[in-house]
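Each chain gets a letter, A, B and so on, in the order its sequence line appears, and its residues count up from 1. Below, each value reflects all heavy atoms present in this structure, side chains not excepted, and no hydrogens, waters or symmetry copies.
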Protein chains: 2
Amino acid sequence: MDDKAGRTDFANPGDIELLRKAERENIQLGTDRLKKMMPQCGFGELGTCCTLCYLGPCRIDPFDSGPKLGVCGANADVIVARNFLRAAVGGASSHVGHARELVLLLLDVAEGKAPAYRIRDEAKLLSVASRLGVGTDGRTVDAIAADVARKAIEDFGRQDGKPMNWIRGRASKKEYEKWEKLGLIVSNPHNEIETAMHRTSMGNDADPMNLWVATLRMGIVDNFAGLMLATDISDILFGTPSPKVVSANYAVIKDGSVNIACHGHNPIMASKLVEWADKIEGEATAAGADRINVVGICCIGNELATRSGASYAGHLAQAELFLTTGAIDAMVVDVQCIWPSLATLAKCYKTRFITTVPFVRNPEAIHVEFHPETADERAKEILRHGIAAFRERKAGGVETCIPKASAKMLTGISVEALVSVLSAVDAHDPLAPVVNAVVSGDILGAVGVVGCPNPKLRQSSMTERMVAELLRNDVLVVTTGCTNHILAQAGFLTSEATEKYAGKKLRGVLAALGKAAGLGAPLPPVLHMGSCVDNSRIYDLLAALADKIGIEISQLPVAGSAPEFITEKAISIGSFFLAAGILVHVAPPPRVFGSPFAVDLLTEKLPGINGGKALVETDPEKAAAGIIAHIREKRQALGLAQV
Amino acid sequence: MDDKAGRTDFANPGDIELLRKAERENIQLGTDRLKKMMPQCGFGELGTCCTLCYLGPCRIDPFDSGPKLGVCGANADVIVARNFLRAAVGGASSHVGHARELVLLLLDVAEGKAPAYRIRDEAKLLSVASRLGVGTDGRTVDAIAADVARKAIEDFGRQDGKPMNWIRGRASKKEYEKWEKLGLIVSNPHNEIETAMHRTSMGNDADPMNLWVATLRMGIVDNFAGLMLATDISDILFGTPSPKVVSANYAVIKDGSVNIACHGHNPIMASKLVEWADKIEGEATAAGADRINVVGICCIGNELATRSGASYAGHLAQAELFLTTGAIDAMVVDVQCIWPSLATLAKCYKTRFITTVPFVRNPEAIHVEFHPETADERAKEILRHGIAAFRERKAGGVETCIPKASAKMLTGISVEALVSVLSAVDAHDPLAPVVNAVVSGDILGAVGVVGCPNPKLRQSSMTERMVAELLRNDVLVVTTGCTNHILAQAGFLTSEATEKYAGKKLRGVLAALGKAAGLGAPLPPVLHMGSCVDNSRIYDLLAALADKIGIEISQLPVAGSAPEFITEKAISIGSFFLAAGILVHVAPPPRVFGSPFAVDLLTEKLPGINGGKALVETDPEKAAAGIIAHIREKRQALGLAQV
């Protein structure tokens with residue numbers, strides 16, 4: 001249904017159906033809690049509230065009457081910068097922790113200590129090894145893998161001040177040199193985290209510029225010791241994603257199956273559930289189910305869909321709604337974005353809510369601690385919880401309500417996969433067709449639309465409307481994370497979407513590429529590159545394109561957007577893309593508006609320093625317009641066709 | 001002057017004089033900003049404000065009407081626990097950063113890369129080496145020192161999950177075993193910091209107990225990878241403190257001298273200023289000064305006074321007042337507790353405000369970056385700033401006002417020094433006299449009174465009155481940090497104070513010990529053990545005493561108190577002493593009162609788990625009474641004389 005302005009109504013009918021059910025059942029959801037929390041604290045929203053010591057809590061009044069300085073003398077610029085840096089630390093620490101767990105698993109696998117896992121992608125291993133300077137000639141896969149893992153471990157242990165191996169080996173040359181000049185090359189990611197927490201504690205750094213540089217450095221930590229490290233090792237252990245068509249949305253839940261919803265981020269545990277779901281299917285059929293149906297919520301959905309083609313259920317803000325279907329037998333979680341409400345809500349629907357990580361627990365949950373050494377046993381134990389819950393569901397008569405909302409999506413567009421697809425067009429120069437289309441203006445530019453579904457902006461279909469507007473203007477979109485759940489459910493990841501949403505020129509390019517690649521249909525206008533950690537793939541792609549043209553990433557007619565971000569991880573990812581010299585659009589407003597210095601730096605000064613720029617806009621069409629204007633500027637600077 | 005209740009008025013006349021001067025000069029100070037900030041945010045004070053993601057800011061209403069859950073579903077118990085853990089991370093990161101810098105310097109010294117420094121305390125080096133299992137026989141000092149440094153570096157790099165070297169080698173046996181049972185032994189301090197930031201980010205740990213255990217673990221990190229590591233290496237590089245009498249309070253500033261006020265924490269830079277102040281005295285006299293007078297503010301005051309006998313100026317909340325004297329030629333700072341206001345204020349009095357650490361800057365400061373390799377050059381450069389400013393002061397007529405307030409104090413009571421003093425009484429069993437006095441009740445118990453001067457509580461002389469009350473009840477007091485500035489200025493660190501404040505029994509013990517040790521006067525009733533990082537010395541002393549008696553530290557009739565704490569470092573130190581099984585008194589109220597779980601755990605449950613307990617009390621006499629009641633309970637449990 002279109003509104004007066006001709007906009008498509010993107011509301012997911014499954015959401016509406018389940019929200020009504022929850023209301024009938026008097027179930028409180030995140031949207032209810034958000035309503036109750038309004039109005040939210042204005043000091044907090046401006047970033048000018050400081051609780052870093054017990055001289056406070058202090059808060060800077062944006063109006064004339066109130067205090068302009070905290071008790072220690074910190075002004076709004078210092079307070080905002082410290083708070084923002086700490087948020088980036090929270091995000092980077094999450095990604096680094098995720099990556100470090102994978103590194104340790106890779107070492108265990110290489111040393112034969114984790115027989116439940118194996119190296120599935122030797123080509124990726126060899127590629128990463130060669131970037132890191134790890135010798136490969138005449139060596140066993142295990143020996144190479146152990147050395148790759150040790151290169152990462154060396155980064156965490158180094159106190160010599162030398163650049164991280166992962167930056168030296170994996171950064172693009174032009175950006176490396178630029179970061180070196182700007183003091184953004186980091187050595188040991190853990191030293192950086194410690195120092196950032198230290199410098200933001202009371203009575204340390206009081207120089208806003210110094211603090212913002214530290215935030216950009218934290219972005220570098222996030223990308224190279226978090227995102228990219230996680231992506232590289234995940235690819236080695238679980239396989240680099242390749243194109244496949246996957247089912248999405250509520251209809252992936254099946255009343256007659258044992259439904260296991262995995263929620264979280266790290267494929268270590270979830271990949272085992274997928275594997276064992278097939279292996280012990282007999283136990284499920286013995287319980288009266290047709291099969292064990294493992295589906296992914298949040299980024300686990302991305303990790304599973306891109307690699308094994310598992311069903312792609314929904315985003316983090318839908319996790320509660322999936323429980324209200326009454327048909328989830330077990331929700332199994334690892335780390336990040338697991339709302340505490342879920343464990344309580346699961347009880348209402350007799351869903352077994354299972355935590356698996358020692359530092360992510362919930363008093364209302366069943367805890368099955370998952371470690372790689374005992375992965376197979378724990379995976380079976382978890383699935384058997386699901387089978388037992390299925391028996392109870394069928395015996396006890398929990399009323400289920402599974403919306404029919406369903407979608408298909410093309411997924412698995414890693415850089416390697418994209419190059420492989422494009423090789424069908426030009427085997428010697430796979431990126432040429434894309435570059436040529438950009439040069440001619442058939443592709444005006446590209447935007448990475450990433451991040452979360454924020455209930456504050458879901459009502460207005462912020463993400464879908466902004467993406468539709470970008471596509472209409474011939475801007476190609478790539479996505480990761482929960483944003484991709486939103487776009488998949490709205491049908492953007494299909495060949496049909498090219499017809500429906502893409503501007504005429506973009507449509508032509510995508511049709512030609514799809515045909516030349518032998519797909520028999522246009523490429524979708526939105527390409528799914530993976531989970532949130534796979535934002536590193538977007539960087540890799542940009543680096544490859546910039547390198548091919550012989551320019552800096554900051555010169556490309558591209559942008560990043562987190563149109564509904566929620567997490568500290570979005571802050572650290574956004575900080576990286578600012579460091580990379582890219583326009584970063586965000587909504588809701590980041591907590592910087594209490595600081596004139598921050599606003600000036602992020603919108604006026606930084607573009608002149610490294611090309612990075614922040615754009616804050618909560619209206620989807622205006623956001624798209626701002627991004628498109630930026631892309632046109634970049635095109636003009638490069639002397640590309642103005643169309 | 002005594003008030004009606006017979007209490008001594010402890011207000012420092014120097015403070016009063018300078019506050020009036022500042023008022024006349026229309027200078028805004030911390031006390032003014034605090035007044036303007038009132039009332040402070042109640043949600044912040046309860047700990048129930050959450051800004052960890054952009055679903056928020058959320059805040060839990062302690063009354064019936066408002067929201068009980070954040071948008072993600074986190075309740076007050078989760079929100080409070082996460083915020084508190086993050087504060088502990090801020091504190092531990094500060095101490096770990098401080099320690100790590102010293103470790104890297106020790107390695108440089110051992111490898112001949114930092115010729116401006118040398119190993120001054122070989123005995124301490126050998127003692128630490130033997131605790132760590134580093135071989136010493138037939139090896140050079142440098143070889144041993146390098147291995148000691150590498151043991152610490154190994155802890156920061158380890159990913160094997162094995163306990164930190166510094167815990168294995170330096171923890172007392174009984175506490176080690178207890179912590180092992182409680183899951184409090186940590187492996188890599190940086191992993192802990194990363195994981196703590198990760199688990200507190202949105203959608204991770206939602207188990208309050210799990211989060212509070214993490215806070216206790218952060219306390220262990222703080223002590224063993226922060227405090228104790230810093231103390232051990234500082235002793236090795238700069239000498240273990242020994243008893244000496246030092247001048248304190250405003251009168252240490254001399255109108256005719258080049259006054260250099262060092263403010264901060266790490267002796268690496270300040271020790272060089274002390275050294276070069278003598279070496280280039282000629283330059284000062286050429287400028288018309290009698291000498292270069294290096295004095296210490298905040299913990300640098302402790303570091304310098306205990307080791308080199310440098311004058312002991314004042315605490316962190318007096319740093320602004322020292323500037324208002326107009327007689328400080330340069331204020332030189334390194335890390336922590338440096339109020340941002342100082343740089344601005346320094347300009348009003350033509351004081352050169354000099355930052356020296358890359359991550360602690362201020363746009364209003366002169367930055368002279370200090371690194372050990374160029375320590376001598378930078379020290380001279382800094383001192384020459386002071387000399388130049390002295391010339392300007394004498395030429396340009398800044399009016400100076402140096403209060404006459406002065407004090408003497410006995411300092412340098414490291415554990416080694418205490419044992420050495422007591423050896424004069426019983427060479428074979430130095431601790432016996434203390435233990436015997438505790439057993440008989442002549443010493444009722446002992447309290448470590450530590451931490452900051454909080455303007456919220458300075459008005460009521462919280463620290464002085466509480467300490468006077470403890471002493472009157474025959475409780476021995478040991479101090480560190482800025483608290484010692486408060487107590488030194490009030491005259492507590494003198495033999496006269498024993499006569500004036502100590503109860504009859506304690507007075508007798510201190511007189512006898514002073515006499516037997518050949519001091520010719522009683523020991524002071526308050527013993528100065530050093531800076532904030534030297535709280536590890538208090539742990540070492542307690543461990544030695546408990547070990548001698550054959551009990552756990554938690555069974556000793558002792559307590560800790562931070563009666564006016566400000567910093568996140570106080571949170572992490574306090575968390576360590578809770579982990580060690582000690583009663584920890586704090587004021588102002590920690591941000592836990594929004595969480596029924598936290599209050600119950602810290603006051604009711606924890607005592608039964610490991611003996612740790614929190615006591616919150618802002619009235620000095622009531623605080624003393626609570627501590628004394630606890631000491632009596634502990635005495636009773638041990639069957640000691642009830643007196």
Where on [X] is there a heavy atom nearer than 4.5 Å to chain A: the side chain, the backbone, both, or neither?
{"X": "Val335(B)", "answer": "both"}
{"X": "Ile566(B)", "answer": "both"}
{"X": "Asn362(B)", "answer": "both"}

Which heavy-atom pair separates [X] from [Y] by the least distance, and what is that distance?
{"X": "Gln159(A)", "Y": "Arg100(B)", "answer": "OE1-NH1, 2.9 Å"}
{"X": "Cys41(A)", "Y": "Pro57(B)", "answer": "O-CG, 3.8 Å"}
{"X": "Arg591(A)", "Y": "Thr51(B)", "answer": "NH1-O, 2.8 Å"}
{"X": "Ser201(A)", "Y": "Ser94(B)", "answer": "CB-OG, 3.8 Å"}
{"X": "Gly90(B)", "Y": "Arg86(A)", "answer": "CA-NH2, 3.7 Å"}
{"X": "Pro358(B)", "Y": "Arg199(A)", "answer": "O-NH2, 4.1 Å"}

Where does [X] contact chain B at under 4.5 Å (heavy atoms): side chain, backbone, both or neither?
{"X": "Asn191(A)", "result": "both"}
{"X": "Ala87(A)", "result": "neither"}
{"X": "Arg158(A)", "result": "neither"}
{"X": "Asn204(A)", "result": "both"}
{"X": "Lys36(A)", "result": "both"}
{"X": "Pro590(A)", "result": "both"}
{"X": "Gln28(A)", "result": "side chain"}
{"X": "Ile571(A)", "result": "side chain"}

At a heavy-atom distance under 4.5 Å, which candidate from [options] has the highest pair count against chain A?
{"options": "Met209(B), Glu154(B), Gln336(B)", "answer": "Gln336(B)"}
{"options": "Val103(B), Asn83(B), Val360(B)", "answer": "Val360(B)"}
{"options": "Ala214(B), Pro455(B), Gly70(B), Pro588(B)", "answer": "Gly70(B)"}
{"options": "Cys49(B), Gly44(B), Pro67(B)", "answer": "Pro67(B)"}
{"options": "Gly47(B), Gly30(B), Gly56(B)", "answer": "Gly56(B)"}

Check: If only atom types and distance count, is the side chain of Tyr54(B) paired as donor or acceptor with the main-chain N or O of Ala587(A) below 3.5 Å?
Finding: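 No: the side chain of Tyr54(B) does not pair with the backbone of Ala587(A).
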Margin query: Any side-chain to backbone donor/acceptor pair from Asp205(B) onto Arg361(A)? Under 3.5 Å, distance only.
Written below: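 Judged by distance alone, yes, a pair lies under 3.5 Å.
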Margin query: List the residues meeting salt bridge (Lys or Arg N to Asp or Glu O under 4.0 Å) with Asp222(B), not counting sequence neighbours, and say none if there are none.
Written below: none
Margin query: Can you list everything that forms a side-chain hydrogen bond (donor to acceptor under 3.5 Å, both in side chains) with Glu373(B)? Sequence neighbours excluded, please.
Written below: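 With sequence neighbours excluded, Glu373(B) shows a side-chain hydrogen bond (donor to acceptor under 3.5 Å, both in side chains) to no residue whatsoever.
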Calculate, to the nearest 0.5 Å, the distance between atoms [atom1] and [atom2] belonging to [X] and [Y] respectively.
{"X": "Leu69(B)", "Y": "Asp32(A)", "atom1": "CG", "atom2": "CG", "result": "11.0 Å"}
{"X": "Met202(A)", "Y": "Cys452(B)", "atom1": "CE", "atom2": "SG", "result": "6.5 Å"}
{"X": "Asp207(A)", "Y": "Phe359(B)", "atom1": "CG", "atom2": "CZ", "result": "13.5 Å"}
{"X": "Thr355(A)", "Y": "Asn210(B)", "atom1": "OG1", "atom2": "CG", "result": "9.0 Å"}
{"X": "Cys53(B)", "Y": "Asn454(A)", "atom1": "SG", "atom2": "CG", "result": "8.0 Å"}
{"X": "Glu194(A)", "Y": "Glu194(B)", "atom1": "CD", "atom2": "CD", "result": "13.0 Å"}

Residue among [options] with most heavy-atom pairs under 4.5 Å to chain B:
{"options": "Asp334(A), Ile153(A), Leu104(A)", "value": "Leu104(A)"}
{"options": "Ser341(A), Gly157(A), Ala365(A)", "value": "Ser341(A)"}
{"options": "Thr567(A), Ile338(A), Val89(A)", "value": "Ile338(A)"}
{"options": "Leu29(A), Val78(A), Val96(A)", "value": "Val96(A)"}

Margin query: Counting neighbours of NZ on Lys35(A) that are heavy atoms of other residues, nucleotides or ligands and sit closer than 6.0 Å, is the number greater than 12?
Written below: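 Not buried by this count: 12 neighbours or fewer within 6.0 Å.
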Next item on the list: May I ask you to check whether over 12 heavy atoms, not counting those of Lys68(B), lie within 6.0 Å of atom NZ?
Entry: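 Atom NZ in Lys68(B) is crowded, with more than 12 foreign heavy atoms closer than 6.0 Å.
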Checklist line | Short N-O contact, Glu568(A) and Arg82(B), less than 4.0 angstrom | finding: no
Next item on the list: Would you mind reporting whether Trp339(B) and Leu55(A) have side-chain heavy atoms less than 4.5 Å apart?
Entry: yes
